[in-house]
A.B. asks: 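Structure below; questions to follow.
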Number of protein chains: 2
Amino acid sequence: MTVSKTAEKSSEKPADAAKGRKDAGEVQAEALQLGELSEQLGYVLKRAQLKVFENFLRCMASLQLTPAQFSVLLLVEKNPGRNQTEIASTLGILRPNFVAMLDNLESRDLCARIRSTNDRRSHILVLTDKGKAVLARAKKLVATKHEARLNDLLGQANREALIGMLSKIANEF
Amino acid sequence: MTVSKTAEKSSEKPADAAKGRKDAGEVQAEALQLGELSEQLGYVLKRAQLKVFENFLRCMASLQLTPAQFSVLLLVEKNPGRNQTEIASTLGILRPNFVAMLDNLESRDLCARIRSTNDRRSHILVLTDKGKAVLARAKKLVATKHEARLNDLLGQANREALIGMLSKIANEF
DNA sequence: GATATTTGATATGGTCCATAACAATTATCA
DNA sequence: TGATAATTGTTATGGACCATATCAAATATC
């Protein structure tokens with residue numbers, strides 16, 4: 001597998017990268033043969049994931065939300081009153097790494113840590129009003145600019161089948 | 001999105017993580033609601049990719065090959081006589097980062113850098129005999145233990161459809 | 001009430017990714 | 001031809017993300 005995650009400027013898109021020579025005169029170096037690589041699940045999965053994240057970041061540029069941050073806001077909205085450990089572990093984020101992430105969201109006034117009265121060790125997480133508003137706008141952007149692109153590319157039925165298969169892999173592989 | 005890539009020991013699997021409490025007596029904290037997250041392309045894509053890579057590493061434990069290393073060996077075998085820049089860029093690896101990778105493979109006698117006689121700046125890449133042998137064994141392991149798992153999980157037709165859709169996303173998204 | 005566990009946090013190290021810069025070599029072209 | 005530009009592999013470096021150990025405060029357990 002492999003595939004870096006460069007956005008636009010530097011690295012050329014992996015597929016037809018090696019052709020980036022002289023478009024001028026001489027002998028065009030023949031393109032490399034991907035061979036069995038293009039049938040490798042991991043390879044194609046990783047490449048697709050990088051493309052999707054890249055597109056996500058472009059769509060969210062105005063809101064400055066990464067995929068990870070978006071997922072946190074979504075989960076906190078859906079599960080208000082949960083503490084850091086619960087939110088983090090549900091997303092597969094280790095608690096130490098979740099701290100800086102929350103510091104960021106909190107400094108932008110998108111969510112807040114509230115000392116729990118039941119258990120004064122834990123911080124309850126909630127979205128601020130601004131956080132709710134930003135998340136609402138983010139959802140619209142994602143739906144119209146990001147997910148809609150999948151329908152254009154694959155069609156509604158295939159899109160749902162894809163999500164279903166990926167979920168199955170994520171849960172049962 | 002989010003989802004870390006922890007293998008087995010430490011972090012719990014994201015989905016049913018928050019339940020990892022006491023299986024003993026008291027009140028089981030209700031599981032968190034994933035909500036729209038489970039329909040987010042990027043989220044499910046990333047989670048699937050992590051699972052697949054994790055499984056790949058397990059299957060290749062005896063050969064000590066990462067997905068990235070495997071892809072390099074595959075590509076060099078398919079395209080002998082190419083230089084570092086060509087192989088790296090085709091895989092989306094930046095040339096500076098490709099150096100250490102090759103150092104590793106070369107130190108294990110899996111591939112070799114050969115000074116080109118045409119252009120004494122470039123290094124031609126080839127697989128060593130050991131490299132070819134290891135790659136052959138790797139292919140078998142991948143086919144029987146890794147890719148075969150997809151068929152068991154999705155069925156042949158769905159597997160091909162999945163690869164096709166992912167390729168389309170990787171190339172056209 | 002002594003001990004163990006949990007929570008959020010800090011420090012730290014590893015891996016991967018990206019950019020700048022460099023020497024050696026080759027291409028370009030005035 | 002010779003000066004200049006471009007390319008190749010490389011090093012150095014910084015950032016992002018991930019993982020582990022450890023800690024103090026608070027709580028649970030016995």
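Just so it is clear, the values below take in all heavy atoms, side chains as well, and ignore hydrogens, waters and symmetry mates. Numbered from 1 within each chain, the chains take letters A, B, ... in sequence-line order.
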A.B. asks: Nearest to the side chain of B:Thr85, heavy atoms from C-beta on, is which of D:dT8, C:dA18, C:dG8?
C.D. replies: D:dT8
A.B. asks: Rounded to the nearest Å, what distance is computed from the CD1 atom of residue A:Ile93 to the C1' atom of nucleotide D:dA16?
C.D. replies: 14 Å
A.B. asks: How about A:Phe56 and A:Phe70: are their ring centres within less than 6.0 Å of each other?
C.D. replies: yes
A.B. asks: Atom CD1 of A:Ile124 and atom P of C:dT7: how far apart are they, to the nearest Å?
C.D. replies: 11 Å
A.B. asks: Between CE of B:Met165 and CD1 of A:Ile163, what distance do you get to the nearest 0.5 Å?
C.D. replies: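 If I round to the nearest 0.5 Å, the distance is 9.5 Å.
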A.B. asks: Is the CD atom of A:Gln64 crowded by more than 12 outside heavy atoms at less than 6.0 Å?
C.D. replies: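 No - once you tally the heavy atoms of other residues, nucleotides and ligands closer than 6.0 Å, there are 12 at most.
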A.B. asks: May I have all residue pairs that pass ring-ring contact (aromatic ring centres under 6.0 Å, His included) and include part of residues 87-128 of chain B, sequence neighbours excluded?
C.D. replies: none
A.B. asks: Using the salt bridge (Lys or Arg N to Asp or Glu O under 4.0 Å) criterion, which residues pair with B:Glu36? Sequence neighbours excluded.
C.D. replies: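 Testing B:Glu36 for salt bridge (Lys or Arg N to Asp or Glu O under 4.0 Å), a comparison that skips the adjacent residues, returns A:Lys139.
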A.B. asks: Looking at B:Arg113, does any N or O in its side chain come under 4.0 Å of the phosphate oxygens OP1/OP2 on D:dT10?
C.D. replies: yes
A.B. asks: Given that A:Asn97 and A:Arg115 both sit by DNA chain C, which one's nearest nucleotide is further toward the 5' end?
C.D. replies: A:Arg115
A.B. asks: Which protein N or O atoms sit under 3.5 Å from an N or O of nucleotides 24-26 of chain C?
C.D. replies:
from   : atom 1 : to       : atom 2 : distance (Å)
C:dT25 : OP1    : B:Arg120 : NH2    : 3.1
C:dT25 : O2     : B:Arg121 : NH1    : 3.4
C:dT26 : OP1    : B:Arg120 : N      : 2.8

A.B. asks: Is the distance from OP1 or OP2 of C:dT6 to the nearest side-chain N or O of A:Ser122 less than 4.0 Å?
C.D. replies: no
A.B. asks: To the nearest angstrom, how far is A:Gln84 atom CD from C:dG8 atom C1'?
C.D. replies: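 Those two atoms, CD and C1', are 6 Å apart.
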A.B. asks: Ion pair present between B:Glu77 and B:Lys132, side-chain N to carboxylate O less than 4.0 angstrom?
C.D. replies: no
A.B. asks: List the steps and the verdict of side-chain contact (heavy atoms from CB on, under 4.5 Å) for A:Leu65 and A:Arg108.
C.D. replies: CA-CA 11 Å; A:Leu65 282 183; A:Arg108 293 160 66 185; 3.9 Å; yes
A.B. asks: What is the separation between atom CD1 on B:Ile114 and atom C1' on D:dT8, rounded to the nearest whole Å?
C.D. replies: 17 Å
A.B. asks: Round to the nearest Å and state the distance from B:Leu125 atom CG to D:dT8 atom P.
C.D. replies: 13 Å
A.B. asks: Find the distance B:Phe98:CZ to C:dC16:P and express it as a whole number of Å.
C.D. replies: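 Distance, rounded to whole Å: 14 Å.
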A.B. asks: Nearest-Å distance, CG (B:Leu50) to P (C:dC16)?
C.D. replies: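 The distance from CG of B:Leu50 to P of C:dC16 comes to 13 Å, rounded to the nearest Å.
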A.B. asks: Can you tell me how far P of C:dA9 sits from CG of A:Asp103, to the nearest Å?
C.D. replies: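 That distance rounds to 7 Å.
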